[in-house]
Amino acid sequence: MVALSDLASALESYRGRDRLIRTLGYCCQLVGGVLVEQCPARSEVGTRLLALSSQLSHCRMVLRLFDDAAMFVYTKQYGLGAEEEDVFVRCVSILSNLADQLYYPCEHVAWAADAKILHVDSARWWTLSTTLWGLSLLLGVARSLWMVLKLRHSLPVLRPPHRLTRGKRRTVETQICSEVLTLLSNLADLANAVHWLPPGVLWAGRFPQWLVGLLGTLSSLLSVYQAVQAGGQANATP
């Protein structure tokens with residue numbers, strides 16, 4: 001009952017629903033892709049799971065039609081990152097925010113073109129939106145790598161074994177773990193982003209369905225885990 005209550009609470013928020021839909025969608029793509037390619041006797045089930053995965057992805061895309069305002073507020077609040085002490089992190093964050101801000105309207109135009117609402121070439125807008133998403137992920141990878149190196153460099157300074165230092169060291173190690181998980185999640189999504197670019201770009205179009213599902217599932221589960229960890233730490237704070 002506690003787990004059911006937690007799930008219901010998570011589903012009350014937009015981010016909670018999005019994480020669940022994303023995880024279910026990629027899991028269906030993973031299982032469906034495996035069944036279609038490896039189990040001919042279950043190919044019909046696999047095809048249905050792939051269709052369900054496509055519908056869940058479309059659901060998330062429609063919900064993202066309303067994300068522009070929230071993204072704009074976040075970008076405006078961050079601004080030029082005046083409160084950020086690290087210059088590299090500040091620059092990367094500003095560029096990432098800009099890429100994310102531009103991503104949403106590009107995806108909206110691509111969606112509207114596919115829905116015959118706008119008479120434009122949807123393929124170009126899908127390519128542009130995917131490129132912006134990939135750029136944002138690449139910047140996120142650079143930021144996480146920088147933070148991991150920076151935090152690891154600070155650990156020797158906290159070496160003396162008195163109680164206060166042990167607490168600080170534990171905090172830094174937790175931050176490193178969080179950055180590593182974010183790094184892995186972004187790398188998995190970045191691999192898929194490249195796959196969805198036009199053919200001829202690195203490994204674009206070469207992933208089988210099950211591999212796309214596997215990478216997406218990995219990224220989604222890491223995101224869910226981090227959200228649960230963050231919620232647990234927030235509840236533990238007096």
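Within the 4.5 Å cutoff, the side chain of Val62 has heavy atoms near those of the Trp111 side chain. The closest side-chain heavy-atom distance from Arg64 to Met61 is below 4.5 Å. Under the 4.5 Å side-chain criterion, counting only non-hydrogen atoms from C-beta, Leu35 is not in contact with Trp210. The closest side-chain heavy-atom distance from Ser93 to Tyr78 is below 4.5 Å.
Within the 3.5 Å criterion, the main-chain N or O of Glu84 finds a donor-acceptor partner in the side chain of Arg90. A donor-acceptor distance shorter than 3.5 angstrom exists from the side chain of Ser144 to the backbone of Gly140, with no hydrogens or angles considered. Between the His195 side chain and the Ala204 main chain, no donor and acceptor come within less than 3.5 Å of each other. Put simply, the side chain of Thr131 gets close to the backbone of Thr127: a donor and an acceptor are under 3.5 Å apart. For the pair Thr217 (side chain) and Gly213 (backbone), a donor-acceptor distance under 3.5 Å is present. Remark: the backbone N or O of Gly32 is not paired with any side-chain donor or acceptor of Gln209 at under 3.5 angstrom. Side chain of Ser129 to backbone of Trp126: a donor-acceptor contact under 3.5 angstrom is found. Between the side chain of Ser54 and the main chain of Leu50, no donor-acceptor pair closer than 3.5 Å is present. Side-chain N or O atoms of Thr174 include one that pairs as donor or acceptor with a backbone N or O of Arg170 at under 3.5 Å.
Remark: Leu56 CG to His58 NE2 distance equals 11.5 Å, nearest 0.5 Å. Expressed to the nearest 0.5 Å, how far CD of Glu107 lies from CG of Leu132 amounts to 11.0 Å.
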Steps toward side-chain contact (heavy atoms from CB on, under 4.5 Å) verdict (Ile94, Leu80): CA-CA 6 Å; Ile94 292 172; Leu80 297 178; 4.1 Å; yes

CA sep, side-chain torsions, deciding dist, call: Trp133, Asp100, side chain to side chain donor-acceptor pair (under 3.5 Å): CA-CA 7 Å; Trp133 180 44; Asp100 288 339; over 6 Å; no

Stepwise side chain to side chain donor-acceptor pair (under 3.5 Å) check, Gln226 with Thr182: CA-CA 8 Å; Gln226 287 182 287; Thr182 300; 3.0 Å; yes

From CA spacing to verdict: side-chain contact (heavy atoms from CB on, under 4.5 Å), Lys168, Val172: CA-CA 6 Å; Lys168 289 183 178 179; Val172 172; 5.5 Å; no

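Pairing each heavy atom of Leu52 with each of Cys28, the nearest pair is CD2-SG, 3.6 Å. Here the shortest heavy-atom pairing between Trp203 and Ala191 reads NE1-O, 2.9 Å.
For the pair Asp121 and Arg124, the salt-bridge criterion is met [side-chain N within less than 4.0 Å of a carboxylate O]. Between Glu179 and Arg143 a salt bridge is recorded (basic side-chain N to carboxylate O distance below 4.0 Å).
Taking the six-membered ring where the residue is Trp, His108 and Tyr104 present tilted rings, their angle falling between 30° and 60°.
Qualifying ring-ring contact (aromatic ring centres under 6.0 Å, His included) partners for Phe88, counting only residues two or more places apart in sequence or in other chains: Trp146.
Tested against Ser219 for a side-chain hydrogen bond (donor to acceptor under 3.5 Å, both in side chains), the candidates Asn192, Thr23, Asp189 yield a single pass: Asp189.
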